[in-house]
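First comes the structure, then the notes that go with it.
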Amino acid sequence: MTEHQPFNERYNARTAEPKWQKIWAERGIFTTSNADPRPKYYVLEMFPYPSGRIHMGHVRNYTMGDVVARYKRAMGMNVLHPMGWDAFGMPAENAAIERKVHPKGWTYDNIATMKNQLKSMGLSLDWTREIATCDPSYYKHQQKMFLDFLKAGLVAREYRKVNWDPVDQTVLANEQVIDGRGWRSGAEVVQRDLHQWVFKISDYAQDLLEAIDTLDRWPEKVKLMQKNWIGRSEGLLVRFMLDPATTLNKENELEIFTTRHDTLFGAKFMAISPDHPLAQAAAAKDAKLAAFIAECKKMGTAQADIDTAEKMGYDTGIKAIHPFDANWKLPVYVANFILMDYGTGAIFGCPAHDQRDLDFANKYMLGNTPVVCPPGQDPATFVITDVPYLEDGKMINSRFLDGMTPEAAREEMAKRLEQETRGNRPVGKRQVNYRLRDWGISRQRYWGCPIPIIHCEKCRVMPVPEKDLPVELPEDVTFDKPGNPLDRHPTWKNVKCPQCGGAARRETDTMDTFVDSSWYFARFTDPWRTQSPTDRKVVDHWLPVDQYIGGVEHAILHLLYSRFFTRAMHKTGHVGLDEPFAGLFTQGMVVHETYRDQAGNWVLPAEVKIEGGEGARKATHITTGAPIEIGSIEKMSKSKKNTVDPDDIMESYGADVARWFMLSDSPPDRDVIWSEEGVQGASRFVQRLWRTVGEIAHVKAPAARPAQFSAEAEKVRKAAHRALSNVSGDIEKLRFNRCVAHVYEFSNALNDAIGSTEQAPPPDLAWALREAGDILVRLFHPMMPHLAEECWAALGHKSLVASESWPQAETALLQEQTITLPVQINGKKRADVTVAHDAGKEAIESAVLALDVVKKALDGKSPKKVIVVPQRIVNVVA
RNA sequence: GCGGACGUGGCGGAAUGGUAGACGCAAGGGACUUAAAAUCCCUAGAAGCGAAAGCUUCGUCCCGGUUCGAGUCCGGGCGUCCGCACCA
């Protein structure tokens, strides 16, 4: 048996934590067998990018997952709780450029460091399943699936806009474009069209949308965000004739998509995307238009930039003819806010009922005609100036639509336009549109999974034969020149065409790292398998993930891509289901105060000393003594230096304290403020628990359960079993902050009981105290596993608490004999009434009416109404 | 700009439409100590009344609504935060 610490000393996390971690590892208790017959439970936290060191966000995320894993294990389930590395990505290449280190070396060094950090947290992870997405043994299978998807028609090539840095000769991520300039070069960024590989996620738009409703253990907000992202809209395609006098015969019509065809009589202009073929054709004959389009290309590709940029247009001189009036001509503008990717890249503008159209019309003095009149408003006096009318109403100024609701008007308009034909085709056609675009996966970068394609002059685009997988990244690359190192590698891209044997070149683009993270959860089920990405028997047993936990910043992209990828894997036979994550939890961020010195430089919390409380907090620099300004609380970030290094915390307080603090106070889905005081509070509590358990360890109790318990012993038992019931329920609901509160409550109650006990408590109380001690330790074990092991051993147990089963609450102890109900008179609390816990409504009512306060308030009259809510409250309406 | 959330004491927060402020932090008072740390006990939303036990009024960002009853539901504001397709 292991030596445990004597109770006259403080609990020493520094010696206890490594000791228990070693024992857990030696006994392999967190290694999961795929053959274990017990019911499965798959708990997964979003795997980290190996950026260098773990941060507090990781500590929070992985602690939550670990609580669930340890709890479910105690509940008798076969728990899969793996960990890996989202190891491809740009920071490795940035390090290569800035520090002359190889991305691979940099990444694996980081993994080694972070793995040690995670190990020191005492997480119950199965490290035998560790994977790194940058390992050829992982990405080989990803390449195989790319080829399978290609065969299954799930992959296509499309032109896509990217931010191009003309100096660095590279594509920039949106975050690398700052005020329209490249972050490294400072050069003005231009939009460029690149031929890209895309996954056809839009084929699944309807399915992904509908299936959201089956995800009953996902947060509503995430589901709503995904629905809006997919953005289904039912609208109408309308073909407008172009006035031949204003255009060449070649372009004789313009097709637009609209969801507001009810407002067609409010149209004032047409707007097309700068990338629209008509705009391109017109620009060929109009140098000014060409210049305008070039100007539009200087805008970034980020949606927020497009939406917030000033609305600009260029009148092409082309006129479109209103479908219901041959004499009604609408000017056709090229406008910077029209996207080619959405609908047909062309719209009609109705300024009175759309903000963007109104801004545009006001700028170019195109006027507006309201066609929907608000209820109760006189149409004759209804005018629109700066704010469009977007609500429901009655149609006006709209000929045959007048008087209808907008909804009926849309229906009527669609019907009429569908019936009208021009050139054997209807003028209008109903269409369901999605905002969701196909997923562009091509990246012009080195540190990613190579796309297994060979380009041959003769045979065009050829998949790499499966026997040649993986296509491995060459290691001899340089980062001293602009552009993609793969592209300028002297030999790597030169290959023979697999079909004709002639000279060909490899695809030098690599995959978006979201691809890597779209199936890692499946790979964890059998990471050793070499012949295929998954073993169907194994993967179908483990999936879906029962509880997935990660940051809300992944609410849309990562989760939606994973849902699509799982469907694609299903279609190609790699898994047997569509939805990868049955339960999802999105945790909040870790935030911290910011500090600046007098020169305005950010200062690390570790360098700041805080004194004085309550409004009078003053901060000084720990070494120089210079005054420090305390700033706002913000997300921990390197740039603002408001970070706390988990290593420092674990070194000075221990992993359990860090874990406990991360779980306490804030609800897990909200931000938590890291504060020194809070950590110290957690640290004090660890010592208090240690002392409490020490007291109980000294209590000599009979082996057999006493037949009777005194009131005092009963009180202890009730506190224990109530805490047990509460903590269990709150872990199930992932309400860890309440678990923490209940452990505090229980521990306080236990301390009270011990404090009022003489040296040797009577046998029944002694037994109750020992029972409570055993429950207490098992209750906090998922949150503070090292302390729990130390306490468990101290209580004389030979087993590991990590392998113990979860205690069962005795329901009889949860029910009080009498309950005290608040009594309200007219909704205000005026008294209490104590009744038997199972008292009926009538009994409660008569007890309440007998109260002096109630009698006085009623003043002899009978109450209008008495509302009795069982177990809750009584309200007397006088 | 679009989409999503959040707003409760000095602070983090608790509260199936049912006693607002559990639990913790910080604070104040006391005990122990030569002293400090640690620990333990007590107090604590605001205002007012009372010698006291206690009582009254107000109070969950603001305005309005639904309800016997609203922190919670609905409508409208204000503020803060997150995401927006090549950051992960």
Side-chain angles (χ1 to χ4, degrees), chain A residues 10 46 48-49 51 86 88-91 160 162-163 171-177 196 219-222 224-225 227-229 231 301-309 311 337 341 355-356 359 435-445 512-514 517 551-558 560-561 588-589 591 613-615 617 632 634-635 661 664-667 669-673 675 677-678 680-682 684-685 687-688 691 737-738 740-745 748 751 755 820-832 863-867 869 871-878:
Chain A
R10 288 168 63 79
M46 292 180 184
Y49 178 78
S51 56
D86 191 11
F88 274 136
M90 290 207 303
R160 278 294 170 83
V162 294
N163 301 304
V171 176
L172 297 178
N174 286 328
E175 65 158 13
Q176 296 174 322
V177 180
Q196 306 250 16
E220 285 305 318
K221 63 171 173 178
V222 173
L224 194 54
M225 281 191 257
K227 281 184 184 173
N228 289 331
W229 187 260
T301 58
Q303 191 61 45
D305 294 339
I306 295 166
D307 288 345
T308 52
K311 313 257 172 304
F337 61 96
D341 309 320
Q355 185 69 59
R356 288 183 307 181
D359 293 346
R435 207 183 71 99
L436 180 66
R437 301 200 299 258
D438 280 330
W439 173 12
I441 61 155
S442 295
R443 299 290 183 270
Q444 297 67 43
R445 309 197 193 285
D512 177 7
T513 56
F514 272 125
S517 55
V552 71
E553 64 272 19
H554 293 292
I556 296 172
L557 294 180
H558 162 59
L560 193 61
Y561 289 153
M589 294 181 300
V591 296
E614 201 155 337
R617 293 172 77 241
S632 59
E634 295 186 48
K635 175 181 180 171
F661 179 57
S664 39
D665 289 358
S666 287
D669 55 346
R670 274 205 243 164
D671 292 351
V672 64
I673 300 175
S675 74
E677 295 84 359
Q680 282 167 2
R684 278 198 297 273
F685 184 60
Q687 297 301 336
R688 195 152 85 227
R691 284 194 303 273
N737 58 321
R738 303 208 318 178
V740 165
H742 289 130
V743 172
Y744 269 114
E745 248 171 359
N748 290 345
N751 279 335
T820 300
L821 293 176
V823 177
Q824 294 183 332
I825 296 167
N826 294 328
K828 297 214 169 186
K829 198 220 158 185
R830 287 289 183 258
D832 290 305
K864 279 203 193 107
K865 207 185 206 181
V866 178
I867 295 143
V869 185
Q871 311 293 313
R872 279 283 162 197
I873 202 167
V874 183
N875 190 11
V876 180
V877 185

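Values in this document were obtained by computation on a predicted structure and should not be read as measured data. Quick note on labels: first sequence line is chain A, next is B, and so on, each numbered from 1. Just so you know, these numbers use all the heavy atoms, side chains as well, and skip hydrogens, waters and symmetry mates.
- In this structure, the nucleotide among A22(B), A85(B), G83(B) sitting nearest to the side chain of Ala741(A) is A22(B).
- One distance of note links NZ of Lys635(A) with CG of Asp671(A); it measures 9.5 Å at 0.5 Å rounding.
- The partner of G24(B) is C11(B), by the rule that a Watson-Crick or G-U pair needs both atom distances under 3.5 Å.
- Note that CZ of Arg437(A) and CG of Asp341(A) are 4.5 Å apart. Values are rounded to the nearest 0.5 Å.
- Regarding contacts with the backbone of G4(B), a side-chain N or O of Asn228(A) is found under 4.0 angstrom from either OP1 or OP2.
- Note on Glu220(A): nothing from the nucleic acid sits closer than 4.0 angstrom, heavy atoms only.
- OP1 and OP2 of C2(B) both lie 4.0 Å or more from every side-chain N or O belonging to Arg356(A).
- At C23(B), none of the side-chain N or O atoms of Asn748(A) fall inside 4.0 Å of OP1 or OP2 (strictly under the cut-off).
- Nucleotide U39(B) forms a pair with A31(B), judged by Watson-Crick or G-U wobble geometry with both contacts under 3.5 Å.
- Using a 4.0 Å heavy-atom criterion, one finds that Gln824(A) contacts the bases of the nucleic acid, with or without backbone contacts as well.
- With hydrogens and angles left out, the side chain of Gln176(A) and the base of C86(B) share no donor-acceptor pair within 3.5 Å.
- Within 4.0 Å of His554(A), counting heavy atoms only, lies at least one base atom of the nucleic acid.
- In terms of phosphate contacts, Arg443(A) brings a side-chain nitrogen or oxygen within less than 4.0 Å of OP1 or OP2 of C86(B).
- As judged by a 4.0 angstrom heavy-atom cut-off over every strand, Pro667(A) is placed among residues touching the sugar-phosphate backbone only.
- Using a 4.0 Å heavy-atom criterion, one finds that Ile867(A) contacts the bases of the nucleic acid, with or without backbone contacts as well.
- Going from atom CG of Asp305(A) over to atom CG of Asn174(A) covers 7.0 Å, rounded to the nearest 0.5 Å.
- Under 4.0 angstrom from either OP1 or OP2 of A85(B) there lies at least one side-chain N or O belonging to Asn174(A).
- Arg830(A) comes within contact range of the sugar-phosphate backbone alone, with a heavy-atom separation under 4.0 Å but no base atom that close.
- Counting non-hydrogen atoms under 4.0 angstrom, Arg160(A) reaches nothing in the nucleic acid.
- Pair check for U80(B) finds A5(B); Watson-Crick or G-U wobble, both atom distances under 3.5 Å.
- Nearest to the side chain of Arg872(A), among A20(B), C86(B), U16(B), sits U16(B).
- With distances taken from any side-chain atom of Lys829(A) to the nucleotides U19(B), A88(B), A14(B), the minimum falls on U19(B).
- Remark: G75(B) base-pairs with C63(B). Criterion, Watson-Crick or G-U wobble with two distances under 3.5 Å.
- Considering only the side chain of Ser666(A), G12(B) comes nearest among C23(B), C86(B), G12(B).
- Residue contacts for Leu436(A): at a heavy-atom cut-off of 4.0 Å it reaches a base atom on one of the strands shown.
- Side-chain to base pairing of Asp665(A) with G12(B): one donor and one acceptor N or O lie within less than 3.5 Å of each other.
- Relative to the side chain of Lys221(A), the nucleotides G83(B), G4(B), G13(B) differ in distance, and G4(B) lies closest.
- In this structure C86(B) sits in no base pair that meets the Watson-Crick or G-U test at under 3.5 Å.
- Distances from the side chain of Arg688(A) to the nucleotides A88(B), G24(B), G12(B) place G24(B) closest.
- At the heavy-atom level, Ala309(A) lies nowhere under 4.0 Å from the strands shown.
- Nucleotide U19(B): unpaired (no Watson-Crick or G-U wobble partner with both distances less than 3.5 Å).
- Residue Ala304(A) places its side chain closer to G1(B) than to any other of G1(B), C86(B), C68(B).
- The gap from the C1' atom of G10(B) to that of A27(B) amounts to 8 Å, rounded to the nearest Å.
- Rounded to a whole angstrom, the distance from the P atom of C63(B) to that of G71(B) is 13 Å.
- Taking only distance into account, the side chain of Arg445(A) meets the base of C86(B) through a donor-acceptor pair shorter than 3.5 Å.
- Among the protein residues, Thr513(A) comes within range of the sugar-phosphate backbone only, with heavy atoms under 4.0 Å from sugar or phosphate atoms but none that close to a base.
- At the heavy-atom level, Trp229(A) lies under 4.0 Å from base atoms of the strands shown.
- Across all strands shown, Asp86(A) has heavy atoms under 4.0 Å from sugar-phosphate atoms exclusively, and none from any base.
- Within the 4.0 angstrom heavy-atom criterion, no nucleotide atom of any strand lies near Phe685(A).
- Contact annotation: Arg684(A) side-chain N/O to A26(B) OP1/OP2 distance is under 4.0 Å.
- Within 4.0 Å (heavy atoms only), Ser675(A) reaches no atom of the nucleic acid at all.
- For A46(B), the paired base is U57(B) (Watson-Crick or G-U wobble, both distances below 3.5 Å).
- The side chain of Met225(A) has G4(B) as its nearest neighbour among A85(B), G83(B), G4(B).
- Taking atom C1' on both A26(B) and C11(B), the two are 7 Å apart, rounded to the nearest angstrom.
- Nucleotide G54(B) is shown with an anti base, its glycosidic torsion being more than 90° from 0.
- To the nearest 0.5 Å, atoms OH (Tyr744(A)) and OG (Ser664(A)) are separated by 6.0 Å.
- Of the inter-residue distances, the one linking Asn228(A) atom CG with Leu436(A) atom CG reads 12.5 Å to the nearest 0.5 angstrom.
- For Leu557(A), whose side chain is taken as the heavy atoms from C-beta onward, the closest listed nucleotide among A88(B), G13(B), C86(B) is A88(B).
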